[in-house]
K.L.:
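My questions will all concern the structure given below.
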Number of protein chains: 2
Amino acid sequence: MTESSRIKGPDGVRADARRNRERLIVAARAVFAERGIDAPMATVARRAGVGVATLYRHFPTRDALVRGAFTRQMETCAQALTEALADPDPWQGFQRLIETVCELQREERGFPAAFVAAFPDGAAEHAQSRERAERDLMTLVRRAQESGALRADFHPSDLAVILLAHCGLVTALPDDGAASRRLVAYLLQSFRADTASGPLPPPTSLSLRGLPITAVGPQGRRSSGA
Amino acid sequence: MTESSRIKGPDGVRADARRNRERLIVAARAVFAERGIDAPMATVARRAGVGVATLYRHFPTRDALVRGAFTRQMETCAQALTEALADPDPWQGFQRLIETVCELQREERGFPAAFVAAFPDGAAEHAQSRERAERDLMTLVRRAQESGALRADFHPSDLAVILLAHCGLVTALPDDGAASRRLVAYLLQSFRADTASGPLPPPTSLSLRGLPITAVGPQGRRSSGA
DNA sequence: ACTCAAGTGGACGATCCCGTCCGTTTGGAA
DNA sequence: TTCCAAACGGACGGGATCGTCCACTTGAGT
């Protein structure tokens, strides 16, 4: 308080600034959906009806814009995880979580690309929320295993594996979602303890905890390395 | 000078031309592996030790270069299919086919991207060989089902689904291959008839036969549309 | 050895995108 | 209403890639 309590907005931001920021996010989602997250920045600005400078002021880098555009989806994922943990039936929770996330990736066109792009290095920005999410995930997996529904050799990192695979699928085939649903169904069945047959190869070193994620090769989708 | 035949090639092509073409393919594979199939054409030319013009003469478009670079891999896939059909145990053949193709995608860095890029429209150029490949695939699937090992509701298009998903995975995580192996193991288990539990959602309209493949959206990896 | 068309190299104009700079507009407090 | 800092818009220089054009080199037939 002390000196300047010049209140412009709830967060001290001018009204038009906040409005433009919102417009930019909407435009970004639309443009990313149509042209992928590598679409020219200027296109997003034009779509939002603002100048490029305004875009860059609100989102200094493309990554910031991508994050901004899909923050809501990320939060929905986190919420889905919370709900999954709250489910009295651990397997049910596990299953619904996977289905929800995959559905989100199916519906929001640009999201999968953002998702995989954010993956290898995502630890940076989201460190704290990620920390919690991963702890929750491990809890969910453990519970589902203890309930006897989830196969014992399922490893938390498998979740990353199947989500990345699913991202690849929906990116390659943005169809009605039949392919995605099929893949998810197959995978869920193979995760059941009662269908488990034979041992699996060792899980990824992909930690799903903190940083030691094998750096993404030059192959990875460019454009989101905070 | 191991070049024994100093005569103009069987196809009337000059010796240096053929040599350069070969160099370009080698360079392209290397560059695509390091930087993805969107790497600058000039980089490939430099790597091959030739001028850009030479590159463009041999491969007028990036697509042509990509195809040229991975022709051998495509042929290996076809050969794997033939061998799979020859296997006395249909399930064994089916399983080995999937494992072989996925291993190829794992090892040859640029290949997965080329694979998914070539997918939606691939019918154009490779029409005839594709035709045969798809017939063979359906035969393989049918046999494996009749042997009782492959679940009855497995649909040939599921092969495309899992291969695309696998491409996405190895593209996102070009690691040592542990993730890929895990995914394949999970999927193969869920394809077994004896682990099948519960119905699957309907298969993709993705035909895997001829053309009616739902056109790839703006999302798809650019750069290989004959 | 001679010849010439096939083959080659690299410079170049065109296009696209990035991100900053700077003069102008505007929200909102006084 | 007045005023000014925050916010805005668009032009602009820089850099990268594309694909072509044209003068030069070279393989191979005679």
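So that the names make sense, note that chain A is the first sequence line, chain B the second, and so on, each numbered from 1. As the structure is a computational prediction, the values presented were derived from the model and not from experiment. Only this structure's heavy atoms are used, side chains among them; waters, hydrogens and symmetry mates stay out.
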K.L.:
Of the listed nucleotides (D:dC18, C:dG7, C:dC21), which one gets closest to any side-chain atom of B:A17?
P.N.:
C:dG7
K.L.:
Please confirm whether any donor atom in the side chain of A:R14 sits under 3.5 Å from an acceptor in the base of D:dA7, or the reverse.
P.N.:
no
K.L.:
Taking A:A17's backbone N and O only, do any of them form a donor-acceptor pair with A:N20's side chain (distance below 3.5 Å, no angle check)?
P.N.:
no
K.L.:
Assign A:V52 to base, sugar-phosphate, or nothing according to its heavy-atom contacts below 4.0 angstrom with the strands shown.
P.N.:
base
K.L.:
From the options D:dG27, D:dC18, C:dG28, select the nucleotide whose nearest atom is closest to the side chain of B:A15.
P.N.:
D:dG27
K.L.:
Between A:R109 and A:P112, what is the shortest heavy-atom contact and its length?
P.N.:
O-CD, 3.2 Å
K.L.:
How many Å lie between CG on A:D63 and C1' on C:dC18, as a whole number?
P.N.:
14 Å
K.L.:
Distance check needed: D:dA6 P versus A:R21 CZ, whole Å only.
P.N.:
18 Å
K.L.:
Side-chain donor-acceptor pair under 3.5 Å between B:E75 and B:Q79, yes or no?
P.N.:
no
K.L.:
Is any side-chain N or O of A:N20 closer than 4.0 Å to OP1 or OP2 of D:dC8?
P.N.:
yes
K.L.:
Output the rounded distance in Å from CE (B:M41) to P (D:dA16).
P.N.:
19 Å
K.L.:
Between atom CZ in A:R46 and atom P in C:dG19, what is the gap in whole Å?
P.N.:
16 Å
K.L.:
Indicate yes or no: does A:R29 engage A:E108 in a salt bridge with an N to O separation below 4.0 Å.
P.N.:
yes
K.L.:
Assign each of B:Y56 and B:D16 to its nearest nucleotide of DNA chain D by heavy atoms, then name whichever residue's nucleotide is nearer the 5' end.
P.N.:
B:Y56
K.L.:
Can you tell me which nucleotide in D:dT26, D:dC18, D:dG9 comes closest to the side chain of B:P40?
P.N.:
D:dC18
K.L.:
Looking at B:T54, I'd like to know whether one of its side-chain N or O atoms comes within less than 4.0 Å of OP1 or OP2 on C:dG9.
P.N.:
yes
K.L.:
Atom CZ of A:F59 and atom P of C:dG19: how far apart are they, to the nearest Å?
P.N.:
15 Å
K.L.:
Nearest whole angstrom, please: distance from the C1' of D:dT25 to the CZ of B:R57.
P.N.:
12 Å
K.L.:
Output the rounded distance in Å from CG (B:L55) to P (C:dA11).
P.N.:
16 Å
K.L.:
What is the distance, to the nearest angstrom, from the NE2 atom on A:H58 to the P atom on C:dT20?
P.N.:
15 Å
K.L.:
Under the side-chain contact (heavy atoms from CB on, under 4.5 Å) test against A:L169, which residue among B:V116, B:L163, B:V161 passes?
P.N.:
B:V161
